[in-house]
Number of protein chains: 2
Amino acid sequence: MHSISEENYIKAIYHLQEGQALVSTNDIAGRMKTKASSVTDMLKKLADKKLAEYIPYKGARLTENGVLCANQIIRKHRLWEVFLVEKLDFSWDEVHDVAEQLEHIQSPKLTNELDKFLNYPKHDPHGDPIPDSKGNYEKYTQVALGDLEIGQQGVLTGVVNTSRDFLRYLDKHEIKLGAQIQLLEIEEFDGSCRVKSDGRELYISKQTVESLFVKIK
Amino acid sequence: MHSISEENYIKAIYHLQEGQALVSTNDIAGRMKTKASSVTDMLKKLADKKLAEYIPYKGARLTENGVLCANQIIRKHRLWEVFLVEKLDFSWDEVHDVAEQLEHIQSPKLTNELDKFLNYPKHDPHGDPIPDSKGNYEKYTQVALGDLEIGQQGVLTGVVNTSRDFLRYLDKHEIKLGAQIQLLEIEEFDGSCRVKSDGRELYISKQTVESLFVKIK
DNA sequence: ACTAATTTTTAGGTTTGCCTAAAAATAGAT
DNA sequence: ATCTATTTTTAGGCAAACCTAAAAATTAGT
């Protein structure tokens with residue numbers, strides 16, 4: 001098995017290697033809030049364990065095994081987030097730190113039973129997809145709310161910005177994931193939008209529009 | 001906060017100090033499956049943190065603070081056990097290892113919300129009492145099934161032996177916690193008993209009788 | 001292309017929690 | 001009461017995961 005520290009590095013590399021061919025030591029250090037020298041130590045260890053390929057001075061990326069491992073951690077993280085929000089009345093902005101702890105619990109049975117208990121959710125409360133027990137997840141087309149055509153509608157599936165303030169703002173205006181949302185008008189002057197969600201019309205700022213993702217058919 | 005290792009020692013001392021004035025280094029080492037020298041190291045640290053009193057060569061016991069801490073860990077452990085059995089279809093004999101991991105998750109909100117979600121259970125699936133958020137728990141009189149008077153009845157509240165085999169045996173014979181159980185007869189010759197549980201009469205061995213606890217009024 | 005700036009690695013150190021082996025203290029037996 | 005056996009502590013080490021500071025490699029500017 002892998003230590004919690006190893007798992008955290010795996011997760012960090014996974015998120016950083018999106019697109020990138022190789023992830024730099026410094027980028028990992030930034031994300032992990034450690035020093036570059038600590039990252040070098042760990043990269044050697046992950047390479048020894050065949051979880052990452054590591055080319056000194058060039059960078060690293062996860063092997064197939066490493067990606068599999070990352071998917072399992074992310075699966076657990078996101079399932080726990082669903083649990084916290086749906087069953088224990090946590091709000092979006094409170095789940096992250098706890099899920100960060102829960103994602104390291106080792107018990108395939110626990111993970112799979114939790115998945116069943118939650119009715120095999122496909123997305124977490126932020127709209128991010130939840131990998132299944134084999135590591136596969138739904139890669140639907142997400143598009144920024146602001147990129148919809150006027151009059152077009154979609155289902156709110158995710159947020160880019162996960163700052164506490166932003167999530168509180170959404171809660172306050174009762175903008176919920178899974179809600180149908182329709183773009184009615186874009187104000188030329190400041191980029192703000194008039195949208196319709198759950199039957200209510202509301203105005204939202206350019207910044208908010210850019211932080212919301214919708215799934216379109 | 002306390003490390004996972006510290007928490008495990010606190011829990012071990014708590015369980016061992018029942019009755020005892022002081023718990024010996026060796027007893028702790030036995031329960032923790034470590035060496036006595038490691039225990040000495042940790043006792044010094046716990047004493048520094050005012051979680052235990054430690055008298056070299058004599059032994060240790062938890063301070064009031066240490067007991068409070070132990071109660072919180074036990075609270076979490078037992079709440080998670082209820083969750084696993086009631087919500088995720090785990091059986092008695094599968095919950096321990098997972099609960100052992102989950103008990104270290106740090107989030108008072110999580111613990112209290114879980115408690116609420118489970119409807120403030122008073123006992124875990126083994127019949128052990130669950131401390132409330134202040135560390136108080138119901139100390140009812142538990143008595144070994146074999147110590148009942150002939151004809152007396154009680155509610156099955158706990159098991160001493162938690163070996164897989166034993167728990168499976170109970171499941172197989174549908175002997176469940178919370179069931180009303182009445183002692184009908186003790187066989188002089190081998191100590192086995194005739195009991196009545198949930199309307200069914202069954203014979204159980206001396207060994208089993210000694211491993212079952214009942215709550216009497 | 002060569003030097004300067006940046007990035008990355010190496011070397012050596014710290015803390016936590018464990019270990020073994022030896023020394024010290026306590027408990028038990030006669 | 002003394003000697004032996006057991007328990008406990010001390011001393012010194014090891015691995016994981018972090019750190020700082022210095023050295024080495026890479027990248028970038030002109």
Side-chain angles (χ1 to χ4, degrees), chain A residues 1-14 16-17 19-62 66 69-70 73 100-101 103-106, chain B residues 1-14 16-17 19-62 66 69-70 73 100-101 103-106:
Chain A
M1 267 309 87
H2 315 124
S3 72
I4 288 177
S5 202
E6 284 165 359
E7 290 197 349
N8 285 331
Y9 276 96
I10 289 167
K11 205 173 44 140
I13 299 168
Y14 180 85
L16 290 168
Q17 76 179 19
Q20 238 85 35
L22 285 174
V23 180
S24 81
T25 302
N26 249 5
D27 286 355
I28 299 170
R31 196 172 225 271
M32 297 284 300
K33 285 168 185 159
T34 54
K35 296 300 151 81
S37 54
S38 308
V39 175
T40 303
D41 286 353
M42 184 55 87
L43 289 181
K44 284 177 188 165
K45 203 206 293 190
L46 293 179
D48 280 351
K49 291 196 171 191
K50 313 274 184 219
L51 291 163
E53 285 174 70
Y54 166 53
I55 307 168
Y57 294 103
K58 294 295 174 187
R61 63 178 295 107
L62 297 179
C69 181
I73 301 164
E100 202 96 307
Q101 295 180 62
E103 74 190 2
H104 300 295
I105 304 289
Q106 310 276 181
Chain B
M1 269 306 90
H2 316 126
S3 73
I4 287 177
S5 203
E6 284 164 358
E7 290 198 349
N8 285 331
Y9 275 95
I10 289 167
K11 205 173 42 139
I13 299 169
Y14 180 86
L16 290 167
Q17 76 179 20
Q20 237 87 35
L22 285 174
V23 180
S24 80
T25 302
N26 249 5
D27 285 355
I28 299 170
R31 196 171 226 270
M32 298 285 299
K33 285 169 185 161
T34 54
K35 295 303 153 77
S37 55
S38 307
V39 175
T40 302
D41 285 353
M42 184 55 88
L43 289 181
K44 286 177 188 165
K45 203 206 293 192
L46 293 179
D48 280 352
K49 291 196 171 192
K50 312 276 184 217
L51 291 164
E53 285 173 70
Y54 166 52
I55 306 170
Y57 294 105
K58 294 295 174 184
R61 63 178 295 106
L62 298 180
C69 180
I73 301 164
E100 203 96 306
Q101 295 180 63
E103 73 190 3
H104 300 295
I105 303 289
Q106 311 275 182

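Below, chains carry the letters A, B, ... as their sequence lines are ordered, and counting in each starts from 1. This is a predicted model, so every value here is computed, not measured.
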If you look only at distance, which donor and acceptor atoms sit under 3.5 Å apart when one is on a side chain in residues 55-62 of chain A and the other is two or more places apart or in another chain?
{"residue": "R61(A)", "atom": "NH1", "partner": "Q20(A)", "partner atom": "O", "Å": "3.0"}
{"residue": "R61(A)", "atom": "NH1", "partner": "A21(A)", "partner atom": "O", "Å": "2.6"}

Residues which pass salt bridge (charged side-chain N to carboxylate O under 4.0 Å, His left out) with K49(A), listed by chain and number, not counting sequence neighbours:
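If we apply the salt bridge (charged side-chain N to carboxylate O under 4.0 Å, His left out) test to K49(A), skipping adjacent residues, the hits are E6(A).
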Which residues pass the salt bridge (charged side-chain N to carboxylate O under 4.0 Å, His left out) test with E103(A), sequence neighbours left out?
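Salt bridge (charged side-chain N to carboxylate O under 4.0 Å, His left out) check on E103(A) returns K11(A).
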Here's a test of your reading of the structure: between P56(A) and M42(A), which maps to the more 5' nucleotide of DNA chain D?
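In this pair, the answer is M42(A).
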Hey, does the side chain of Y9(B) come within less than 4.0 Å of dC18(C)'s phosphate (OP1/OP2), counting only N and O?
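Y9(B) to dC18(C) OP1/OP2: side-chain N or O found under 4.0 Å.
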Think K44(B) has a side-chain N or O under 4.0 angstrom from the OP1 or OP2 of dT10(D)?
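Yes, because at least one side-chain N or O of K44(B) sits under 4.0 Å from OP1 or OP2 of dT10(D).
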Mind checking what makes side chain to side chain donor-acceptor pair (under 3.5 Å) contact with H104(A), not counting sequence neighbours?
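Per chain and number, H104(A) pairs via side chain to side chain donor-acceptor pair (under 3.5 Å) with E7(A), N8(A).
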Could you check K44(A) against T40(A) for side-chain contact (heavy atoms from CB on, under 4.5 Å), going step by step and ending with a plain yes or no?
CA-CA 6 Å; K44(A) 284 177 188 165; T40(A) 303; 4.1 Å; yes
Are there any protein N/O atoms within less than 3.5 Å of an N/O atom in nucleotides 2-5 of chain C, and if so, which ones and at what distance?
none

Write down the protein N/O and nucleotide N/O pairs, taken from nucleotides 19-21 of chain C, whose separation is under 3.5 Å; answer none if there are no such pairs.
{"residue": "dC19(C)", "atom": "OP2", "partner": "K35(B)", "partner atom": "N", "Å": "3.0"}
{"residue": "dC19(C)", "atom": "OP2", "partner": "S38(B)", "partner atom": "OG", "Å": "2.7"}
{"residue": "dT20(C)", "atom": "OP2", "partner": "K35(B)", "partner atom": "NZ", "Å": "3.3"}
{"residue": "dT20(C)", "atom": "O4", "partner": "S37(B)", "partner atom": "OG", "Å": "2.9"}

Taking side-chain contact (heavy atoms from CB on, under 4.5 Å) as the test, write out the residues that go with [X], two or more places apart.
| X | result |
| --- | --- |
| D41(B) | none |
| A47(A) | Y54(A) |
| S37(A) | K35(A) |

So which protein nitrogen or oxygen atoms get under 3.5 Å of nucleotides 1-7 of chain D's nitrogens or oxygens?
none

Please work out which residues in residues 47-55 of chain A have a non-hydrogen atom less than 4.0 Å from an atom of DNA chain D and list them by number.
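Going residue by residue through residues 47-55 of chain A, none turns out to have a heavy atom under 4.0 Å of DNA chain D.
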For nucleotides 14-16 of chain C, list the nitrogen or oxygen atoms of the protein found under 3.5 Å from its nitrogen or oxygen atoms, one pair per line.
none

Note, Y9(B) side chain near V39(B) side chain (heavy atom, < 4.5 Å)
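Answer yes - side chains close enough.
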